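Structure first, commentary second.
Everything quoted here is computed from the prediction, not taken from an experiment.
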Amino acid sequence: MVNLVEAQKPLLRGLMKLAGLKPHTVEIEKNTVMNFWVPSETLKENKKPNNKPIVVLIHGFAAEGIVTWQFQVGALTKKYRVYVPDLLFFGGSTTDSADRSPSFQADCLVTGLRKLGVEKCTIIGFSYGGMVAFKMAERYPDLIQAMVISGSVLAMTNSIGDDCLNRLGFSSSSELLLPNSVKGLKALLSVAVHRKLWFPDRLHRDFLEVMFTNRKERAELLEGLVISNKDITIPNFAQRIHLLWGEEDQIFNLDLALNMKWQLGDNTTLQGIQKAGHLVHLERPCVFNKCLKEFLASLYTVTEDRKQQ
């Protein structure tokens, strides 16, 4: 029987190509590769000058890049060069390294972007991808100009993780984020969206089969996220940071976003989207895209004004 989720992939890839993106695999180091969707001109030998700003979309834990950002890519490519990576153990990106930390993901992603010729960019990180984005900005301020973070935290401390799991009624991060049954996937979706959705069980089974691969390695990624409360430090980010939140997010609620805004200081802004949960970019894509484009426009207008001065 045809897997319905797998059958949709050619359509999704076709949409990416219509938006001007092509798939490309980058060798980060020996036995470590990352898959990217990149602007088609990036792969041409005789590149024409392109002054469009670069935006990098970093996915979360439940799906690879173009599935996560399927409603954002086409909305951004008119004014921006868009890169969509697959983090390690998602979408064919792999490594034989034992390092499962967000810092290692950040290092590999930065290496890949630099090999693709990226010198400056704005990163948009969702959930797990937001934690990777924070590490990129902290470790590579010369590369990262600004950040948009949605449904994420600076770091997954013991207290944040325990509070989240207790509120949602899960015993572990793996139980929440690595479901192995239709019931488990329904439970994840029920806390990830504001509006209750119905899909047939077959579609849930197909999604589990296609999207939740590399289970052992992904469970190790979840273990590598958690740090002690006493080990967290708040970096002094020079970049502008925009927190773009679903106001009904049950996983990382709005109170966490408000507290993070306070911790990060004056360079950080917070914008809530009503009637949306953790998957705000999928649940209310038109509103999310409008807010995202407004921030990007203000960011690059300020950049151009400074150049002229």
Inset, instruction - Indicate yes or no: at least one non-hydrogen side-chain atom of Met131 is less than 4.5 angstrom from one of Leu154. - result: no
Legend entry - Same apolar cluster (I L V M F W Y, side chains within < 4.5 Å links), Leu87/Met211: yes
Legend entry - Any Leu296 side-chain heavy atom under 4.5 Å of His242 side chain: no
Inset, instruction - Answer with yes or no after comparing the ring centroid distance for Phe90 and Phe61 against a 6.0 Å cut-off, counting only values under it. - result: yes
Legend entry - Atom NZ of Lys196: over 12 foreign heavy atoms under 6.0 Å: yes
Inset, instruction - Compute whether any side-chain donor of one residue and acceptor of the other, for Asp86 and Asn35, lie under 3.5 angstrom apart. - result: no
Inset, instruction - Evaluate the side-chain proximity of His281 to Gln72: yes if any heavy-atom separation is below 4.5 Å, no if none is. - result: yes
Legend entry - Reported CE-to-SG distance for the pair Met156 and Cys164, which is rounded to 0.5 angstrom: 6.0 Å
Inset, instruction - Tell me, yes or no, whether the heavy-atom count around Asn229 atom CG, taken from other residues, nucleotides or ligands under 6.0 Å, exceeds 12. - result: yes
Inset, instruction - Decide if atom NZ of Lys9 counts as having more than 12 heavy atoms of other residues, nucleotides or ligands within a radius under 6.0 Å. - result: yes
Legend entry - Contact check, side chains of Tyr83 and Pro39, non-hydrogen atoms, under 4.5 Å: yes
Inset, instruction - Report the distance from atom CD1 of Ile124 to atom OG1 of Thr68, rounding to the nearest 0.5 Å. - result: 13.0 Å
Inset, instruction - Tell me whether Val33 is reachable from Val118 by hopping between hydrophobic residues (I, L, V, M, F, W, Y) whose side-chain heavy atoms are closer than 4.5 Å. - result: no
Inset, instruction - For Lys275, look at atom NZ and say whether over 12 heavy atoms of other residues, nucleotides or ligands are found less than 6.0 Å away. - result: no
Inset, instruction - Can you measure from CG (Leu57) to CZ (Phe126) and round to the nearest 0.5 angstrom? - result: 12.5 Å
Legend entry - Inter-residue atom distance Met147.CE - Leu299.CG, 0.5 Å rounding: 11.5 Å
Inset, instruction - Could you tell me whether a side-chain N or O of Ser152 sits under 3.5 Å from a main-chain N or O of Ser127, the two making a donor and an acceptor? - result: yes
Inset, instruction - Taking only Lys NZ, Arg NE, NH1 and NH2, and the carboxylate oxygens of Asp or Glu, determine whether Glu209 and Arg205 approach each other closer than 4.0 Å. - result: no
Inset, instruction - Decide, yes or no, whether a salt bridge links Asp266 with Lys261 under the criterion of side-chain N to carboxylate O below 4.0 Å. - result: no
Legend entry - Lys22 atom NZ, over 12 foreign heavy atoms within 6.0 Å: no
Legend entry - Check: Gln105 and Tyr128 side chains under 4.5 Å, non-hydrogen atoms: yes
Inset, instruction - Please tell me if the side chains of Thr32 and Cys108 come closer than 4.5 Å, counting only heavy atoms from C-beta onward. - result: yes
Legend entry - Worked check of side chain to side chain donor-acceptor pair (under 3.5 Å) between Thr122 and Tyr300: CA-CA 10 Å; Thr122 293; Tyr300 288 106; 2.8 Å; yes
Legend entry - Asp142/Lys120 ion pair, N-O < 4.0 Å: no
Legend entry - Gap between atom CG of Asp201 and atom NZ of Lys183 - 0.5 Å precision: 12.5 Å
Inset, instruction - Quick one: do Phe237 and Phe134 satisfy ring-ring contact (aromatic ring centres under 6.0 Å, His included)? Show the steps, please. - result: CA-CA 9 Å; Phe237 291 108; Phe134 275 125; 5.7 Å; yes
Inset, instruction - May I ask you to check whether over 12 heavy atoms, not counting those of Gln274, lie within 6.0 Å of atom CD? - result: no
Inset, instruction - May I ask you to check whether Ser103 and Ser101 show a side-chain donor-acceptor distance below 3.5 Å? - result: no
Legend entry - Cation-aromatic face contact Arg215/Phe89, 6.0 Å, 45 degrees: no
Inset, instruction - Would you confirm whether Glu283, through its side chain, and Gly277, through its main-chain N or O, come within 3.5 Å as a donor-acceptor pair? - result: yes
Legend entry - N-O pairing of Glu223 and Arg218 below 4.0 Å: no
Inset, instruction - Would you check if Asp163 and Asn166 make a side-chain contact, meaning some heavy-atom pair closer than 4.5 Å? - result: no
Legend entry - Passing option when Val56 is tested against Ile123, Val84, Val82 for side-chain contact (heavy atoms from CB on, under 4.5 Å): Ile123
Legend entry - is_close_aromatic(Phe207, Phe199), centroid dist under 6.0 Å: no
Legend entry - Minimum side-chain heavy-atom gap Val191-His278 below 4.5 Å: no
Legend entry - Verdict with supporting geometry, Phe36 and Val26, side chain to side chain contact (heavy atoms under 4.5 Å, CB included): CA-CA 8 Å; Phe36 289 79; Val26 179; 3.9 Å; yes
